[in-house]
Amino acid sequence: MGKFLYGLIVLFASVFLVLLIFFRITEGSFAEAGARMDRIMGVAAEETSQAAEEMARETDEAIRDLNDGD
C-alpha cells in the first residue's frame, strides 16, 4: 500500500509540474501560469465537490430504500 500511495503522489506531482511548465511556456511568465493553474484547480475542485455530494445523496437514498424494504 505504501508503494502505491508513494507512486500516486509522485504521479500527481509530476503532472502538476509538467502542466506548470507547459503553461509557463504558453503564457510567458510564472505569474500567468500560476493564475491559469488556479483557475483549473478551482474548476476541478468544484466538479469534484459536486460529484461527491451527488454520490453521498444517492448512497443515502439507497440505504433508506434498503431499510424501508419493498
Exercise for the section: Measure the CG-CZ distance between Leu17 and Phe12 for me, rounded to the nearest 0.5 Å. Expected result: 15.0 Å

Completion exercise
Note: Ala33 and Arg24 closest approach over all heavy atoms is CB-N, 3.6 Å

Handout entry: Donor-acceptor contact present, side-chain Ser14 to main-chain Val10, <3.5 Å
Key = yes

Exercise for the section: Using the rule that two of Ile, Leu, Val, Met, Phe, Trp, Tyr join whenever any of their side-chain heavy atoms come within less than 4.5 Å, decide whether Val15 and Phe22 are in one cluster. Expected result: yes

Exercise for the section: Could you grab the distance from atom CD of Glu61 to atom CG of Leu66, nearest 0.5 Å is fine? Expected result: 12.0 Å

Problem - Smallest separation among heavy atoms of Gly34 and Leu20, with atom names - result: N-CD1, 4.4 Å

Exercise for the section: Quick one: pull up CE in Met37 and CZ in Phe30 and give me the separation to the nearest 0.5 Å. Expected result: 11.5 Å

Practice task
Verify side-chain contact (heavy atoms from CB on, under 4.5 Å) between Arg36 and Leu19, making sure each step is shown before the conclusion.
Solution key: CA-CA 10 Å; Arg36 191 166 175 189; Leu19 280 175; over 6 Å; no

Handout entry: Atom pair CG (Leu11) and OH (Tyr6), whose distance is rounded to the nearest 0.5 Å
Key = 12.0 Å

Exercise for the section: Take Glu47 and Val43 through the test side-chain contact (heavy atoms from CB on, under 4.5 Å) and record every step on the way to the result. Expected result: CA-CA 6 Å; Glu47 290 177 1; Val43 170; 3.6 Å; yes

Practice task
Calculate, to the nearest 0.5 Å, the distance between atoms CD and CG belonging to Glu58 and Asp65 respectively.
Solution key: 11.5 Å

Handout entry: salt_bridge(Asp60, Arg64) N-O dist < 4.0 Å
Key = yes

Exercise for the section: Working to the nearest 0.5 Å, report the span between CG of Asp68 and CD1 of Ile63. Expected result: 12.0 Å

